[in-house]
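By convention in this document, chain letters (A, B, ...) are assigned in the order of the sequence lines, proteins followed by strands, and residues within each chain are numbered from 1. The shown structure was predicted, so the numbers you read here are calculated from the model rather than taken from an experiment.
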2 protein chains.
Amino acid sequence: MRQRSGEQAGPTIEQVARAAGVSRQTISNALNAPERLRADTLQRVLGVVDDLGYRPNRAARNLRRRESKLVGLRINPADQDRAGSLLDRFLHALVEHSVGAGYHILLFTPRDPDDELAGFDDLLRTTAVDAFVLTDTHRGDPRLHWLGERNAPFVAFGRPWEDGLMHPWVDVDGAVGTGLAVDHLVALGHRRIGLVGWPEDSDVGQDRRRGWLDACVRHGVADPDLRAHCTDRTDEAMLAAGRLLDGSDPPTALVCASDTLAMGVLGALAERGLRAGRDVAVTGFDDSPAAAVVPPGLTSVRQPLEDVAESIVKRLGALLSDEQLPERGELLTPTLVVRGTTDHQRTLGKHPVEEDT
Amino acid sequence: MRQRSGEQAGPTIEQVARAAGVSRQTISNALNAPERLRADTLQRVLGVVDDLGYRPNRAARNLRRRESKLVGLRINPADQDRAGSLLDRFLHALVEHSVGAGYHILLFTPRDPDDELAGFDDLLRTTAVDAFVLTDTHRGDPRLHWLGERNAPFVAFGRPWEDGLMHPWVDVDGAVGTGLAVDHLVALGHRRIGLVGWPEDSDVGQDRRRGWLDACVRHGVADPDLRAHCTDRTDEAMLAAGRLLDGSDPPTALVCASDTLAMGVLGALAERGLRAGRDVAVTGFDDSPAAAVVPPGLTSVRQPLEDVAESIVKRLGALLSDEQLPERGELLTPTLVVRGTTDHQRTLGKHPVEEDT
DNA sequence: AGTAGCAATTTGATCGATCAAATAGCACGC
DNA sequence: GCGTGCTATTTGATCGATCAAATTGCTACT
């Protein structure tokens with residue numbers, strides 16, 4: 001019969017104490033409040049701790065301290081027909097920073113949509129996690145209210161879109177992002193810059209649309225009609241982009257609210273024999289894995305997910321230690337990753353956009 | 001001052017016992033060994049448990065039972081210039097099945113490459129996790145030996161490529177995958193089917209190459225020279241595919257060992273004015289998010305990650321409860337997702353592949 | 001009626017750490 | 001010489017559950 005697990009459990013604090021010739025509490029202090037020990041004792045104790053490879057038992061510590069050092073993160077099913085979520089990059093950054101702050105990330109997922117909140121409830125009641133990180137928060141998000149009512153600690157990736165919400169949050173400025181895309185396109189000589197965006201009822205979509213429009217106005221090239229809206233699917237984006245491209249005075253560049261939409265736009269271009277980056281410039285949003293690999297490379301707005309994660313963890317730490325941070329939320333600035341779909345030379349060469357002056 | 005956390009901690013077993021007029025242990029039994037209670041007592045106790053919303057405290061339970069019900073999963077930095085890892089889909093499936101089996105997934109990440117194993121050590125010593133799930137195991141993987149030596153329970157996503165390893169594993173048959181792609185291409189009329197694969201020293205790459213070659217032989221269309229190798233990057237794949245396409249008798253279809261490589265191939269086609277799916281058929285591997293959204297849609301081999309996750313969790317459960325499973329490992333079969341890059345009608349129409357008979 | 005044999009339930013001990021309070025050690029001043 | 005006032009360290013209690021053993025309650029049999 002095969003032997004099983006469990007053999008790697010280390011020594012207990014009691015055994016270490018005995019080996020070092022001191023008491024339990026002194027071992028505990030050496031690790032948790034070293035300033036309480038005399039220098040020589042500390043050194044000796046830490047030596048023994050190191051020799052025996054002692055690490056305090058999590059369960060025991062958690063029980064006594066009434067904490068778990070775990071942070072719950074709910075993940076959604078990966079949507080097919082999406083350019084790939086931010087999850088990958090964000091998750092890695094979040095784990096890295098969390099571990100740096102002494103926390104670990106615990107994943108959970110709703111069994112079915114009904115018990116979306118049951119997962120929170122379960123983890124809180126069993127003291128399995130100390131706090132949550134929420135992503136994709138939206139107007140009227142039931143999670144925000146549910147957690148808020150119960151005074152459960154959490155930090156949201158997503159600003160509070162409605163009034164009266166006072167939770168800590170971190171978000172990325174979508175308007176600045178699409179603004180960067182427009183700036184870049186204008187610098188390349190584009191004057192007719194369209195938008196393929198999300199439906200009007202999406203706050204995030206409105207944010208990105210506003211950035212596009214404001215920047216166009218700023219550059220004196222605004223045409224509010226040069227836009228189409230659809231949900232975040234490539235097939236819909238193909239149709240939406242088609243409507244713009246087949247118009248009487250089509251855009252020479254299209255700013256998209258997501259990489260998924262941008263991929264649909266690329267499809268619409270291909271259908272019409274137009275070359276992305278050469279005949280029509282395209283920008284996406286999120287810098288998803290697909291953006292980097294699709295030929296000729298999709299220019300895209302990149303969210304600073306590493307900074308988002310860092311800020312979230314900082315806020316979590318403050319929340320759980322009752323510290324006050326100067327700001328409840330933080331709005332971070334994205335950057336633009338330029339690739340082939342806004343190729344400078346090609347676009348200028350093929351498309352004399354100054355012709356209408 | 002804002003109130004903080006912790007207010008949602010539920011009642012203790014002691015309080016529930018008092019409320020129900022029974023002892024601690026009876027509450028415990030009601031939840032863990034209901035057959036020990038008389039039917040009427042059970043019903044009454046469960047009623048009280050439900051009324052008070054009692055859930056046993058994790059830390060206390062973990063301490064007594066010497067388990068954590070957590071499974072560690074190490075995640076790697078998301079590689080730029082990759083079509084998007086499997087992580088998204090796999091992770092979700094793994095979490096879902098784990099929760100179904102009473103486990104949660106705990107993420108960790110190596111701070112720096114050196115302490116790749118330090119993370120394991122830490123989690124084991126602190127009794128933070130009961131077991132691990134490993135992904136991307138490879139020949140000579142230090143993790144396999146390290147965990148094996150310590151008799152730490154784990155299940156690998158990836159078969160043992162070297163002899164002498166006796167750990168539980170689940171994997172996907174790559175050879176069958178590329179074989180499916182070839183079958184499909186042959187059915188479309190293709191006779192010159194090339195391969196863009198990974199370097200020779202990759203076991204996974206060899207597996208996928210073997211599937212391509214065997215299928216070609218089976219169909220009597222084998223040309224072992226019709227292949228190129230490079231690492232998993234689009235830029236290298238573009239060059240590699242270029243060498244094949246610019247040859248004297250170029251392939252009409254290219255099977256790729258990954259979606260990343262396939263995206264590079266699409267780039268090479270675009271450079272040459274060739275249309276994917278129409279002039280040259282292309283297949284990828286992994287059915288990454290990018291495959292679904294890149295125009296005209298990348299035909300790709302899809303790994304049954306949901307089944308992989310289920311099998312892994314089943315094996316974890318057996319491992320942790322000392323049960324014996326009939327098989328130590330399981331090899332699952334992928335499927336082919338057909339999209340525009342192997343468009344039937346277009347390919348047949350434009351490319352009379354029978355011409356050389 | 002008395003009691004053996006079970007079934008149902010309760011009591012005491014324990015998991016391994018930390019908190020709070022008590023004690024030991026030590027220098028210093030009067 | 002002896003208490004004062006520290007600092008360093010130890011002791012006792014506790015977190016909330018489960019395991020193991022003891023006890024109570026019942027049924028059935030002689």
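- Two rings, from F108(B) and H104(A), have their centers 6.0 Å or more apart.
- For T126(B), the side chain to side chain donor-acceptor pair (under 3.5 Å) test picks out no residue, with sequence neighbours left out.
- More than 12 heavy atoms of other residues, nucleotides or ligands shown are found within 6.0 angstrom of CD on E162(B).
- For the contact set between residues 21-28 of chain B and DNA chain C, defined by any heavy atom under 4.0 Å, the members are V22(B), S23(B), R24(B), Q25(B), T26(B).
- With 3.5 Å as the limit, one finds a donor-acceptor pair spanning the side chains of N32(A) and R61(A).
- Taking a heavy-atom distance under 4.0 Å as the criterion, the stretch of DNA chain C touched by chain B extends 5' to 3' from dA8(C) to dG16(C).
- D130(B) and S68(B) are linked by a side-chain donor-acceptor pair at a separation below 3.5 angstrom, with hydrogens and angles left out of the test.
- Remark: N57(B), A60(B), R61(B), L63(B), R64(B), R65(B) in residues 57-69 of chain B come within less than 4.0 Å of DNA chain D through at least one heavy atom.
- By the salt bridge (Lys or Arg N to Asp or Glu O under 4.0 Å) test, R74(B) is found to be paired with E116(B), residues two or more places apart in sequence or in another chain being considered.
- Computed from C1' positions of five pairs at each end, the angle between the two local axes of the helix from dA1(C)-dT30(D) to dC30(C)-dG1(D) equals 70°, rounded to 10 degrees.
- Scored by the salt bridge (Lys or Arg N to Asp or Glu O under 4.0 Å) test, R139(A) finds D203(A) as partners (sequence neighbours excluded).
- Residues A17(A) and S23(A) share a closest heavy-atom pair of CB-C, 3.6 Å.
- Looking at residues 30-50 of chain B, you'll see R36(B), L37(B), R38(B), T41(B) sit with a heavy atom under 4.0 Å from some atom of DNA chain C.
- R315(B) pairs by the salt bridge (Lys or Arg N to Asp or Glu O under 4.0 Å) definition with E330(B), not counting sequence neighbours.
- Looking at residues two or more places apart in sequence or on another chain, you find a side-chain contact (heavy atoms from CB on, under 4.5 Å) between A30(A) and L37(A), L42(A), V45(A), L46(A).
- Aromatic pair F154(B)/F120(B): centroids not less than 6.0 angstrom apart.
- In summary, the side chains of T12(B) and E14(B) do not present any donor paired with an acceptor at a separation below 3.5 Å, with no hydrogens or angles considered.
- Here salt bridge (Lys or Arg N to Asp or Glu O under 4.0 Å) pairs that include residues 38-53 of chain A, with residues two or more places apart or in two chains, are R38(A)-D40(A).
- Every residue two or more places apart in sequence or in another chain that forms a salt bridge (Lys or Arg N to Asp or Glu O under 4.0 Å) with E67(B) is listed here: R65(B).
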Trace of the side-chain contact (heavy atoms from CB on, under 4.5 Å) decision for N76(B) with T109(B): CA-CA 7 Å; N76(B) 297 318; T109(B) 181; over 6 Å; no

